[in-house]
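These notes are about the structure you will find just below.
The basis for the numbers below is simple: all heavy atoms, side chains too, and nothing from hydrogens, waters or symmetry mates.
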Amino acid sequence: MRTKIVLVILLFVAGTACKKVLNQRIDGAYVPGNFFTSDANAGLALANAYKFLSFSSGANNAIWVLGDVGSDDAVKGGNPGDQADFDAIHSFNILPTNSAVEAVWQNYYNGVFACNVVLDGLASAGHGVSDAARVEDIAEAQFLRGYYYFVLTTCYGKIPLHLAVETGLAAQKPVSSQDSVFAQIEKDCQAAAAVLPATVTSDQLGRASKGAALALLAKAYLFHTSLANHYALAAQTAEQVEGMGYQLTQLYYDNFRAATKVNTEQIFSVNHIAGTLSIGNELNAWFAPRVLNGYGFFWPTQSLINNYETAPGGQVDPRLDYCVDRSGHPYFDTPFDTSWTSTGYLTRKMVQPLSEVPSTTKSVGTVNYEAIRLSDILLVDAEALNESGQSSQALAPLNKVRKRARESYLYDTSLAGHGTVPAGLLPDITVTGQSQLRDIIRRERRSELALEFHRFFDVIRYGSAYATAQLSPGTNFNFSTNQFYPIPQSERDANPNLFK
């Protein structure tokens, strides 16, 4: 039914997308030509495909729960019993009915569906859509679909691959192997990279670029362990990105401030904008303490704090206090109170002071989520080089990340001792033994990307022994059972072919 499909698209654009669109039967023929009749309409459909990246709902986009609460870096926090399913993620008492497991599946598959609407629509669109718009919109949708599938397969492992807008029984697909999913991600990224502009201008912040497509491709290669030469491919692709003009910011924290969201390090950002409840950053409220009109969730662990290096003189890696709020340091423009958190810590990332976002509009924060930034790709390069037997070459990208961190003392006037890097703080690494360097790179990645929702996936990627050591203390973690989250019960009920 043509009208029904058009109405679905328009409802998506308006911000009221059905949460279970893949579980609902679509009757009748899908006729995209009735909507894709102009560049403007194609742009509306593409804008909708970006929407599922946003943290405008901390409950719907619960990747922060699966990525970090399900790791050794954070606990749920908040009051006991509030969002109990999030506690179950950390303790690994995870059922297919878990609300966070359900939310991530629905959100990111809704993103896949929206991308397929664009791709199907532009494949059959009439002359009303210009060739230039068609080519670039297709490339952006391919990148986004690759990104959504990257999140889905790292969360759930084997998953159904939907590459078109399917109706009725055609949508009831069995799971595909991770090898097949990663191969599709790589195909989408390669196609997008061939078309997209190298970078985006500040007024296009949040849109995909060639750099973003290649960066995601490098990460896909790193995770695609069954692919021959996957480490070599990851390193080669990461180095392509490094050669595109991106630069680490002088101040690490500039990646997490609204005022400096346009910077030289961001490769792909989820752009949160003030003035609308549909694209603001609701994590600003989820992560803030209750006394400041927040929800009081997402508390960093002592294990994370212990990961940060300390100089012989006692000065700690400055990234600690850019990531975490703790006793003896102000909580933005408010004194820190240890009663706000039982771990002794609050997260600083994705949160803004009341002077920027008052308590009355706390759910509409404007800090971006840096989905992919240069330091991530430098550490992908370092890891891939080390694992492929090129340990000495891995030192350069690794030491770029460490240099920026220690040189915060040269540029951040708020640091005690500003103007001089403390002796022995985050020195360049010279070790070239593969095993020892592997441990150093893993520790560096944890410090650099802390509380950015990547940790669980890294821990699992490092293998059973590492994951068990990090995740099993005090929990029910079992690698064979918990290396992937369960496919939600809603999908099991709706799709009888899921495990065939």
- request: Mind checking the CG-CD spacing from L385 to Q390? Nearest 0.5 Å is all I need.
  value: 5.0 Å

task: Check whether any side-chain heavy atom of N482 lies under 4.5 Å from a side-chain heavy atom of N476, and answer yes or no.
output: no

- prompt: If you take all heavy atoms of A288 and K362, which pair is closest and at what distance?
  reply: CB-CE, 3.3 Å

- request: Indicate yes or no: at least one non-hydrogen side-chain atom of D317 is less than 4.5 angstrom from one of T310.
  value: no

message: Can you confirm whether the side chains of D188 and Q184 place a donor and an acceptor under 3.5 Å from each other?
response: yes

Sidechain N-carboxylate O distance under 4.0 Å for E309, R406: no

query: So T301 and V75, side chain to side chain contact (heavy atoms under 4.5 Å, CB included) or not? Walk me through it.
result: CA-CA 7 Å; T301 63; V75 298; 4.0 Å; yes

message: Given 3.5 Å as the limit, does a donor-acceptor pair link the side chain of S209 with the main chain of A212, or not?
response: yes

message: Is the ring pair Y147/F143 parallel, tilted or perpendicular, if the boundaries are 30 and 60 degrees?
response: tilted

query: Could you give the distance from CG (L354) to CG (N284), rounded to the nearest 0.5 Å?
result: 8.5 Å

field: Donor + acceptor pair across side chains of N478, S480 (<3.5 Å)
entry: yes

message: Within this structure, what is the OH-CG distance for the pair Y148 and N110, rounded to the nearest 0.5 Å?
response: 9.5 Å

message: Any side-chain to backbone donor/acceptor pair from N98 onto V101? Under 3.5 Å, distance only.
response: yes

message: Between Q315 and Y409, is there a side-chain donor-acceptor contact under 3.5 Å, judged purely by atom types and distance?
response: no

message: Could you check whether Q178 and T153, counting side-chain N and O atoms only, form a donor-acceptor pair closer than 3.5 Å?
response: yes

message: Checking Y149 against F182 for the ring-ring contact (aromatic ring centres under 6.0 Å, His included) test, could you report, in this order, the C-alpha distance in whole Å, the side-chain angles of both residues, the deciding distance, and whether it holds?
response: CA-CA 8 Å; Y149 271 130; F182 276 121; over 10 Å; no

- prompt: Near Q302 CD, under 6.0 Å, is it more than 12 heavy atoms from other residues, nucleotides or ligands?
  reply: yes

- prompt: For the residue pair A384 and S388, what are the closest heavy atoms and their distance?
  reply: O-OG, 2.8 Å

query: Between the main-chain N or O of A218 and the side-chain N or O of T237, is there a donor-acceptor pair closer than 3.5 Å?
result: no

query: Do K403 and D428 sit within salt-bridge range, that is, some charged N less than 4.0 Å from a carboxylate O?
result: no

Donor + acceptor pair across side chains of S490, Q106 (<3.5 Å): yes

message: Just to verify, which of F55, W64, W286 counts as forming a ring pair (Phe, Tyr, Trp, His ring centres under 6.0 Å) with F298?
response: W64

query: Does the pair D72/R446 count as a salt bridge with the N-to-O cut at 4.0 Å?
result: yes

- prompt: Q266 and S269: side-chain donor and acceptor closer than 3.5 Å?
  reply: yes

- prompt: Side chains of R207 and Q204: is there a donor and an acceptor less than 3.5 Å apart?
  reply: yes

query: If you round to the nearest 0.5 Å, how far is OG of S447 from CG of L304?
result: 7.0 Å

field: Distance in Å, F456 CZ paired with Q483 CD, rounded so as to fall on 0.5 Å steps
entry: 8.5 Å

field: Side-chain heavy atoms of T264 within contact of Y246, under 4.5 Å
entry: no

task: Indicate whether the side chain of E186 and that of Q190 have a donor and an acceptor atom separated by less than 3.5 Å.
output: no

query: So, do Y252 and C323 sit near enough that their side-chain heavy atoms are less than 4.5 Å apart?
result: yes

message: Closer than 4.0 angstrom, basic N to acidic O: yes or no for R290 and D82?
response: yes

- request: State, without any angle test, whether T249 and N263 hold a side-chain donor-acceptor pair at a distance under 3.5 Å.
  value: no

field: Check: L216 and F268 side chains under 4.5 Å, non-hydrogen atoms
entry: no

field: Side-chain heavy-atom pair I305, N307 within 4.5 angstrom cut-off
entry: no

message: Please verify the inter-ring angle class for F256 with Y253; under 30° counts as parallel, over 60° as perpendicular, anything in between as tilted.
response: tilted

query: Checking side chain to side chain contact (heavy atoms under 4.5 Å, CB included) for the pair F479/L471: CA distance, chi angles, key distance, verdict?
result: CA-CA 9 Å; F479 185 80; L471 302 182; over 6 Å; no

- line: Those residues at least two apart in sequence (or on a different chain) that pass salt bridge (charged side-chain N to carboxylate O under 4.0 Å, His left out) with D458 are R445, R461

query: Would you call E448 and R404 a salt bridge, using N to O less than 4.0 angstrom?
result: yes

- request: Could you tell me whether the side chain of N399 and the main chain of I429 form a donor-acceptor pair under 3.5 Å?
  value: yes

query: Cut-off 3.5 Å, side chains only: do E265 and N255 have a donor facing an acceptor?
result: yes

Inter-residue atom distance N61.CG - I63.CD1, 0.5 Å rounding: 7.0 Å

message: I want to check a possible cation-pi pair here: R442 against Y466, using under 6.0 Å from ring centre and within 45° of the ring axis as the test.
response: yes

query: So, are D68 and R455 salt-bridged, with charged N and O less than 4.0 Å apart?
result: no

- request: Determine yes or no for a side-chain-to-main-chain donor-acceptor pair under 3.5 angstrom, with Y485 supplying the side chain and T154 the backbone.
  value: no

- prompt: Can you find a side-chain donor-acceptor pair between T341 and T343 that sits under 3.5 Å?
  reply: yes

V367 backbone acceptor or donor facing Q352 side chain under 3.5 Å: yes

- prompt: Can D412 and Y322 be counted as having a side-chain donor-acceptor contact under 3.5 angstrom?
  reply: yes

message: Are V324 and R348 packed together at the side-chain level, in the sense that at least one heavy-atom pair is separated by less than 4.5 angstrom?
response: no

field: Sidechain-backbone polar pair: D87 side chain, P80 backbone, donor-acceptor under 3.5 Å
entry: no

message: Strictly below 4.0 Å, N to O, side chains only: are D376 and R373 in salt-bridge contact?
response: no

- prompt: Any ion pair linking E370 and K349 (charged N to carboxylate O, less than 4.0 Å)?
  reply: no

message: Test salt bridge (charged side-chain N to carboxylate O under 4.0 Å, His left out) on E444 and R319; report intermediate values, then the result.
response: CA-CA 11 Å; E444 188 66 32; R319 289 175 295 188; 2.7 Å; yes

message: Any side-chain to backbone donor/acceptor pair from Y108 onto V151? Under 3.5 Å, distance only.
response: no

query: Counting only heavy atoms not in K210, do more than 12 fall under 6.0 Å of its NZ?
result: no

task: Measure the shortest side-chain to side-chain distance between Y109 and I159 over non-hydrogen atoms and say whether it is less than 4.5 angstrom.
output: yes

task: Look at the side chain of H90 and the backbone N and O of V69, then say whether any donor-acceptor pair between them is shorter than 3.5 Å.
output: yes

field: Lys/Arg-Asp/Glu bridge criterion (N-O < 4.0 Å) met for D179, K158
entry: no

query: In chain order, what residues pass the side-chain contact (heavy atoms from CB on, under 4.5 Å) check against T338, with sequence neighbours excluded?
result: S327, F336

message: Can a donor-acceptor pair be found, under 3.5 Å and without considering hydrogens, that links the side chain of N368 to the backbone of H272?
response: yes

message: Angle between ring planes, H454 versus Y369, binned at 30° and 60°: parallel, tilted or perpendicular?
response: tilted

